[in-house]
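All chains are named by letter (A, B, ...) in the order of the sequence lines, taking the proteins before the strands, and each is independently numbered beginning at 1.
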Number of protein chains: 2
Amino acid sequence: MMATRVLFPLVVVDVALFCVDDGGLRVLLVKRALEPEQGRWALPGGVLKPDQDANLEAAARRVLRNKVSVDIPHLEEIRTFSGNERDSRGWSIAVLFCALLPRDQVQALIRDKVEAVEWADAAKPGHRLAFDHTEQLFTALRVLRDKVDRHALPLHLMPEKFTLTALQRTCEAILGRPLDKAVFRRRLKGSEDLVETDEFERGLQRPAQLYRAREGFAFMA
Amino acid sequence: MMATRVLFPLVVVDVALFCVDDGGLRVLLVKRALEPEQGRWALPGGVLKPDQDANLEAAARRVLRNKVSVDIPHLEEIRTFSGNERDSRGWSIAVLFCALLPRDQVQALIRDKVEAVEWADAAKPGHRLAFDHTEQLFTALRVLRDKVDRHALPLHLMPEKFTLTALQRTCEAILGRPLDKAVFRRRLKGSEDLVETDEFERGLQRPAQLYRAREGFAFMA
DNA sequence: AGAATAGTGTCTGTCAGACAGTATCGC
DNA sequence: GCGATACTGTCTGACAGACACTATTCT
């Protein structure tokens with residue numbers, strides 16, 4: 001066992017699954033049912049299974065399919081974490097992925113799960129996480145914020161149709177700071193990724209036009 | 001052998017080592033001495049050795065130390081390439097790193113090596129590379145260009161002291177297009193990463209002031 | 001003086017930030 | 001009309017691109 005471990009490192013995939021709910025950016029945590037680090041909160045993850053997974057991204061997709069019964073709209077590799085210290089089982093490689101879940105699929109997800117699951121504040125998870133998952137989480141969060149800072153639109157976090165104000169709230173939740181409405185909308189005018197519909201969201205005030213993502217849109221590129 | 005390969009994937013690190021020479025961006029290629037893909041040009045790479053390597057970055061550093069007798073100033077992970085198809089030995093993970101070599105260490109490197117080595121045009125390597133290394137190379141090149149486009153200064157490619165014009169030539173080599181001198185220098189005025197010295201490079205014309213990188217400077221962040 | 005390279009001044013268009021203003025709904 | 005939210009107009013400062021200009025060296 002130790003001998004194979006030295007020649008072949010343990011390879012795991014971990015996923016930082018983000019959503020926006022109640023105006024805050026949340027990340028999915030699971031309570032570990034098995035050793036090592038049993039009982040501690042962690043990012044969902046699992047061991048690579050070369051006989052089942054076409055590649056590492058497919059492995060991350062499988063992990064999420066098992067923990068969560070949703071098709072993940074977007075999944076992207078962030079970076080690796082490796083070495084002898086990060087997992088008590090020995091020399092290991094963790095490949096971190098970032099996933100985005102639309103707002104309208106969040107509630108269903110929580111209800112379906114049996115194991116302990118929590119949508120934690122992404123910036124302040126409130127638990128000491130297992131392994132190096134705190135560092136992993138902050139790394140994923142930094143990458144996500146960088147993208148939005150560079151004007152990438154997190155449309156994978158939105159329902160199919162949404163208002164521009166809702167999109168702005170999502171960006172604000174990711175960045176953790178308010179944005180100017182006029183500036184935000186001026187930028188969106190030139191965006192190829194946004195398509196206007198002829199529908200409106202009717203509420204208690206002036207109706208807001210609904211938009212959707214361009215066909216084939218991908219957030220992280 | 002096949003059984004272990006299914007449970008434990010082959011893990012390799014590959015390095016895109018860039019330099020600037022003769023006004024062009026070059027990447028180091030080696031001719032593979034062993035199967036698989038013997039005789040084909042490839043990015044320098046090697047199998048991870050958990051008993052020797054503290055982590056994946058250290059593995060990349062070791063690979064370069066063996067192929068090249070230089071201390072690498074900067075090394076950064078780009079992304080992974082994985083699956084059953086990319087290496088004839090079976091299910092594998094390649095972790096790609098990007099490294100930058102100062103201009104004044106290039107000539108020494110070429111002379112010292114016994115095995116077949118070539119500084120190829122980074123944008124047009126001119127060989128069909130082994131494995132998925134052509135895709136790896138273009139991925140690394142794209143990341144490098146993105147950074148410079150976002151005003152990161154590739155000081156790790158420069159000698160200890162350099163003129164602003166030399167730095168501009170390096171950026172132009174990376175981007176593959178000319179830059180405006182006045183625009184380039186105006187941006188540098190506000191840079192914390194650049195320190196002016198009181199020395200000048202005296203040549204055939206008006207002397208140019210020499211600059212150096214700030215202590216503790218890191219290119220990719 | 002002239003060639004060559006280092007380094008600067010300036011005009012213009014674009015865009016972000018700030019903020020006030022107008023438009024359109026439900027009541 | 002009034003409150004609330006959607007949406008727009010405009011001023012200002014920062015900065016990029018383009019390009020002409022000045023400065024300092026060697027021959």
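The ring pair (Phe, Tyr, Trp, His ring centres under 6.0 Å) contacts involving residues 63-83 of chain A comprise A:His74-A:His156, where partners must be two or more places apart or lie in separate chains. Residue pairs that meet the salt bridge (charged side-chain N to carboxylate O under 4.0 Å, His left out) test with at least one member in residues 121-136 of chain A, sequence neighbours left out, are A:Arg86-A:Asp132. Residue pairs that meet the salt bridge (charged side-chain N to carboxylate O under 4.0 Å, His left out) test with at least one member in residues 154-168 of chain B, sequence neighbours left out, are B:Lys161-B:Glu199. The salt bridge (charged side-chain N to carboxylate O under 4.0 Å, His left out) analysis of residues 170-184 of chain B, with sequence neighbours excluded, yields the pairs B:Asp149-B:Arg177, B:Arg169-B:Glu172. Applying the salt bridge (charged side-chain N to carboxylate O under 4.0 Å, His left out) test to residues at least two apart or on different chains, the pairs with a partner in residues 182-194 of chain B are B:Asp193-B:Arg214.
Residues satisfying the ring pair (Phe, Tyr, Trp, His ring centres under 6.0 Å) test with B:Trp119, not counting sequence neighbours, are none. In this structure, the ring pair (Phe, Tyr, Trp, His ring centres under 6.0 Å) partners of B:Phe131, at least two apart in sequence or on a different chain, are B:His133. Evaluation of the salt bridge (Lys or Arg N to Asp or Glu O under 4.0 Å) rule for A:Arg32 yields no partner, not counting sequence neighbours. Under the ring pair (Phe, Tyr, Trp, His ring centres under 6.0 Å) criterion, A:His151 pairs with no residue, sequence neighbours left out.
Scanning DNA chain D 5' to 3' for nucleotides with an atom closer than 4.0 angstrom to a non-hydrogen atom of chain A gives a first and last hit of D:dA4 to D:dT10.
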Dump every N/O contact between nucleotides 1-3 of chain C and the protein below 3.5 Å, one line per pair.
none

### Task
Produce a footprint string for nucleotides 6-14 of chain C: one letter per nucleotide, 5' end first; B if the base is under 4.0 Å from any protein heavy atom, S if only the sugar-phosphate is, - if neither.
BBBBB----

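For the side-chain contact (heavy atoms from CB on, under 4.5 Å) criterion with A:Val68, the lone passing option out of A:Val15, A:Leu28, A:Val63 is A:Leu28.
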